[in-house]
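Heads up: the structure comes next, in structure tokens.
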Amino acid sequence: MSDIKVVIVTADAREDRATTTGTKAWELFADNADVIAARVSTGSTGESSLKDLSYVLADGDVVEGVEMASKDGHDILRHSTAHVMAQAVQQLFPEAKLGIGPPVTDGFYYDFDVETPFVPEDLAKIETAMRKIIKEGQRFERRVTTDADAIDELQDEPYKIELIGLKGGAGADNTEGASVEVGAGELTIYDNVRRNGDVAWSDLCRGPHLPTTKRIPAFKLMRSAAAYWRGDEKNKMLQRIYGTAWESKEALEEHLHRIEEAERRDHRKLGRELDLFSFPDEIGSGLVVFHPKGGVIKRVMEDYVRQRHIEEGFSYVGTPHITKDQLFYTSGHLPYYADTMFPPMEFEGSNYMIKPMNCPMHNLIYRSRGRSYRELPLRLFEFGSVYRYEKSGVVHGLTRVRGLTQDDSHSYVTPEQAPGEIQHLLDFVLGLLRDFGIDDFYLELSTRDDSKPDKFVGSDEDWAVATKVLEDVAVASGLDLVPDPGGAAFYGPKISVQAKDAIGRTWQMSTIQYDFNQPKGFELEYNGADGQKHQPVMIHSAKFGSLERFFGVLVEHYAGAFPPWLAPVQVQAIPVADTFSDYLYDVAKQMRAAGLRVEVDDSDDRMQKKIRNAQLQKVPFMLIAGGEDVEAGAVSFRYRDGRQDNGVPVAEAIQRVVDAVASREQV
RNA sequence: GCCGGUGUAGCUCAGUAGGUAGAGCGCCUCUCUUGUAAAGAGGAUGUCGCGGGUUCGACUCCUGUCACCGGCUCCA
């Protein structure tokens with residue numbers, strides 16, 4: 001037994017340690033029960049990877065303990081829990097074939113090919129079986145194998161064999177989660193071994209795993225759903241079970257509590273409770289009507305955005321909802337999007353279509369007369385109502401609808417002006433989002449997929465230029481930038497702003513797209529300083545993206561408690577008793593004269609009930625008046641958090657609300 | 001579009017073995033009501049999503065359809 005040297009890394013220190021050959025990682029962390037795996041950098045390559053605690057140390061290894069509550073630790077815990085779930089499923093449903101089972105944000109899933117989809121009662125049974133496996137304390141034992149041996153061993157698991165065939169190739173990378181099963185390196189199988197040495201279950205897997213099933217402190221199966229094998233709708237649909245696992249019962253409880261809280265903020269629920277909007281069946285799926293209170297918010301949003309566009313040099317224009325279909329051939333959209341457009345209406349010998357986007361019509365405004373370089377950048381903007389035939393399964397509240405309003409603009413610029421205009425647009429967009437209090441977002445750069453040339457038009461050079469310009473501006477913003485290869489529109493790359501909703505789904509909001517194709521298709525031109533005709537570049541930009549979606553995100557962001565400038569009712573006046581109503585009518589009248597949205601609650605509820613109602617409606621200012629206030633010529637404020645401010649002189653009270661509205665602050 | 005689930009009063013939900021439906025909140029009427037999250041009494045809620053079928057009889061069983069929910073795929 002020769003000595004080897006390793007380095008143990010902790011958050012704040014590095015410790016050299018001499019030990020004997022054959023020492024396993026767990027021996028280094030025997031005094032820390034929270035360590036469940038190790039991150040090891042091998043001396044030779046310096047590359048770091050996660051290892052089981054049973055990993056045999058090599059000379060020169062740099063080793064860091066991975067605690068369960070860390071990001072890597074959560075992934076390992078959840079991946080191991082996914083294994084336990086798969087074992088339980090095959091125990092209860094022996095014919096179930098395994099798909100893949102990776103950790104995901106806050107949990108894990110595993111896909112199964114089963115004859116009959118799982119029902120909720122099945123999940124309860126599976127959970128029970130899992131608890132039993134966990135209690136047994138089965139060891140996760142890593143075993144290196146070869147492709148040939150694995151294929152032989154996994155004869156009953158066709159999907160796993162398919163994954164082995166993809167190993168290391170592009171296919172594995174393209175299949176979300178597949179890399180946790182087969183990596184680019186050696187192939188391994190994990191055996192779940194009972195205390196008596198029997199192998200209870202095995203799965204092709206890259207690892208690492210917890211030492212034993214007993215180390216799973218808390219888990220819960222969340223739901224079952226279906227998913228296409230390898231994410232391709234041409235493939236068979238597998239049954240997926242989602243679950244979550246945490247380092248403690250408390251952490252699990254907190255997670256479940258967070259989900260509950262998020263559900264309380266769901267804009268669909270709040271939209272009903274606050275009487276903001278609805279989706280009448282009679283109109284059709286994905287088509288919203290805004291009620292008076294929602295209409296106030298929508299109007300304020302529109303007013304503000306219109307004003308800001310004008311300040312930023314845009315011209316407000318208007319275009320119709322339908323057009324002859326030739327326009328979409330000219331723009332190039334129809335071949336790409338015919339399936340997701342509402343079908344044409346034929347009359348007077350033409351096919352008229354409901355517009356799914358505004359740009360072609362703006363192009364016609366540009367082309368309505370000759371343009372000089374002196375006019376550029378020419379910026380056209382409107383609230384364009386567009387309709388898209390979104391597939392039935394994707395319609396979702398206000399965030400995915402079939403009829404939407406885009407705050408859509410098109411900047412026509414010389415190629416030289418393009419970078420500056422994109423910078424201008426990104427600054428504008430981000431400023432606008434911040435004005436609305438939205439700051440939890442990141443940028444995405446959608447580029448073309450070179451392996452699918454038929455999905456994109458234009459030359460490689462044009463794409464390269466356009467992509468570079470967008471990327472430079474996005475990087476300069478300093479915001480998180482996530483690449484989205486293949487996500488570009490057919491005519492050009494885009495930067496988009498992605499924001500999260502209450503239940504963690506991310507939605508595209510603002511977009512900025514660089515388009516060199518439509519100017520070609522529409523033969524757009526301008527006269528340059530040289531007296532020659534030149535082709536402009538057009539830059540598409542939507543600031544909210546979809547007004548409806550942004551509305552939904554705002555509702556969730558504020559949990560319905562809007563800042564005063566957006567609140568449908570800014571002031572709810574509440575008399576202490578009926579006899580003070582007249583006094584409040586008068587105050588309300590003065591407030592309305594100052595441009596405020598005020599209501600007096602003159603119902604025959606008692607005051608306490610009126611306060612409760614205003615509270616539930618999340619009105620920012622409750623204005624209460626009783627005998628003391630009337631005598632003093634004052635009113636009393638109550639805020640949503642229960643704070644009170646009594647005896648405020650009427651003039652001062654009005655000014656206070658006016659100021660809060662003007663500053664767009666939250667109260 | 002695909003897989004699964006769910007549609008009962010304005011809202012949230014109950015409804016056991018097929019025998020035409022209930023609760024709370026809200027709503028309406030009346031009485032009451034002076035200080036910061038629910039006064040009291042009485043009353044009405046409804047084509048049980050919609051269409052077919054089985055049955056003496058369907059909210060309940062079967063089937064089609066529409067809508068919603070959770071995923072997957074898609075998203076100009």
Side-chain angles (χ1 to χ4, degrees), chain A residues 109 111 114 116-120 122 176 222-242 266 268-269 272-273 275 278-286 328 331-334 336-337 339-341 355-360 386 388-397 399-401 404 406 408 446 487-492 494 496 503 505 507-508 511 513 515 518 540 542 545-546 549 574-580 603-616 622 624-630 636-640 642-646:
Chain A
Y109 66 80
D111 288 344
V114 283
T116 321
F118 300 110
V119 296
D122 291 334
E176 188 206 7
M222 305 299 286
R223 66 176 71 91
S224 64
Y228 299 106
W229 167 238
R230 295 179 59 202
D232 189 332
E233 63 179 330
K234 289 194 272 301
N235 288 341
K236 182 155 189 190
M237 196 152 246
L238 306 183
Q239 295 303 316
R240 174 173 295 180
I241 301 178
Y242 283 93
D266 192 314
R268 294 166 297 185
K269 185 177 160 67
R272 218 178 5 251
E273 289 172 359
D275 197 13
S278 61
F279 296 90
D281 285 358
E282 293 83 345
I283 297 178
S285 180
F328 299 125
S331 71
H333 286 92
L334 203 45
Y336 286 89
Y337 297 111
D339 288 352
T340 49
M341 288 166 73
K355 72 173 169 182
M357 86 293 293
N358 306 297
C359 36
V386 300
R388 298 173 177 181
Y389 174 62
E390 300 285 4
K391 288 192 277 184
S392 58
V394 305
V395 171
H396 180 95
T399 45
R400 193 80 180 265
V401 291
L404 58 130
Q406 289 183 318
D408 204 4
S446 301
F490 72 88
Y491 52 74
K494 75 176 174 207
S496 60
I503 46 186
R505 288 183 262 219
W507 298 97
Q508 173 181 293
T511 56
Q513 294 172 285
D515 184 357
Q518 285 197 56
H540 308 239
S546 146
R549 175 178 294 175
I574 297 172
V576 167
D578 202 31
T579 47
F580 308 111
S603 69
D604 50 9
D605 287 327
R606 292 162 111 85
M607 180 197 68
Q608 288 81 350
K609 183 63 176 290
K610 293 178 181 183
I611 288 171
R612 175 179 157 84
N613 287 339
Q615 195 85 40
L616 291 174
M622 276 174 247
I624 297 166
E628 293 165 29
D629 296 293
V630 172
S636 295
F637 280 110
R638 179 190 161 99
Y639 293 86
R640 287 178 290 215
R643 218 159 12 102
Q644 293 181 36
D645 197 355
N646 298 334

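Just so it is clear, the model here is predicted, and its values are computed rather than measured. Here is how names work: the chains are called A, B, and so on, in the same order as the sequence lines, proteins then strands, and each is numbered from 1.
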Query raised in the report: Do NZ/NE/NH1/NH2 and the carboxylate oxygens of A:Asp266 and A:Arg268 come within less than 4.0 Å?
Result: yes

Report summary line: With sugar-phosphate taken as primed atoms, P, OP1 and OP2 and all else as base, the protein-contact string of nucleotides 25-31 of chain B at under 4.0 Å (heavy atoms; B, S, -) is -S-----

Report summary line: Of all heavy-atom pairs linking A:Tyr228 and A:Asn235, the shortest is CD2-O, 3.6 Å

**Report entry** Value in whole Å for how far the P atom of B:rU36 lies from CD1 of A:Ile624
**Finding:** 9 Å

Query raised in the report: Can a donor-acceptor pair be found between the side chains of A:Gln508 and A:Arg549 at a distance below 3.5 Å?
Result: no

**Report entry** A:Lys391 side-chain proximity, nearest of B:rC3, B:rG1, B:rA39
**Finding:** B:rG1

Report task. For each nucleotide in nucleotides 66-71 of chain B, reading 5' to 3', give B when a protein heavy atom comes within less than 4.0 Å of its base, S when such contact involves only the sugar-phosphate, and - otherwise. Result -> -SSSBB

Query raised in the report: For B:rU36, does OP1 or OP2 lie under 4.0 Å from any side-chain N or O of A:Tyr639?
Result: no

Query raised in the report: Using a cut-off of less than 4.0 Å, is there contact between a side-chain N or O of A:Arg606 and OP1 or OP2 of B:rU36?
Result: no

Query raised in the report: Can you find a side chain N or O atom of A:Arg638 that sits less than 4.0 Å from OP1 or OP2 on B:rG35?
Result: no

Query raised in the report: So what does A:Asp629 hit on the nucleic acid, given a heavy-atom distance under 4.0 Å: a base, only sugar-phosphate, or nothing?
Result: base

**Report entry** Interatomic distance where CZ belongs to A:Phe490 and C1' belongs to B:rC75 [whole Å]
**Finding:** 14 Å

Requested in this report: Answer with yes or no whether the side chains of A:Asn646 and A:Gln644 bring together a donor and an acceptor at under 3.5 Å.
Outcome: yes

Requested in this report: Compare every heavy atom of A:Cys359 with every heavy atom of A:Gln518, then report the nearest pair and how far apart it is.
Outcome: NE2-SG, 3.4 Å

Query raised in the report: Which residue lies toward the 5' end of RNA chain B, A:Phe580 or A:Arg388, if each is placed at its nearest nucleotide?
Result: A:Phe580

Query - Stems where RNA chain B pairs, listed by first number, each of three or more Watson-Crick or G-U pairs under 3.5 Å - result: B:1-7 with B:66-72, B:10-13 with B:22-25, B:27-31 with B:39-43, B:49-53 with B:61-65

Query raised in the report: With a non-hydrogen cut-off below 4.0 angstrom, is A:Gln615 in contact with a base, only sugar-phosphate, or nothing?
Result: base

Query - Atom pair distance, as rounded to whole Å: CH2 in A:Trp229 and C1' in B:rU73 - result: 16 Å

Requested in this report: Kindly point out which of B:rU34, B:rA76, B:rU36 is positioned nearest to the side chain of A:Asn646?
Outcome: B:rU36

Report task. In whole angstrom, give the distance that lies between atom CD1 of A:Ile574 and atom P of B:rA38. Result -> 12 Å

Query raised in the report: Between B:rU34, B:rA76, B:rU33, which one does the side chain of A:His333 approach most closely?
Result: B:rA76

Query raised in the report: Is any side-chain nitrogen or oxygen of A:Lys494 closer than 4.0 Å to OP1 or OP2 of B:rA76?
Result: yes

**Report entry** Aromatic stack A:Tyr337/B:rA76: centroid gap under 5.5 Å, interplanar angle under 30°
**Finding:** yes

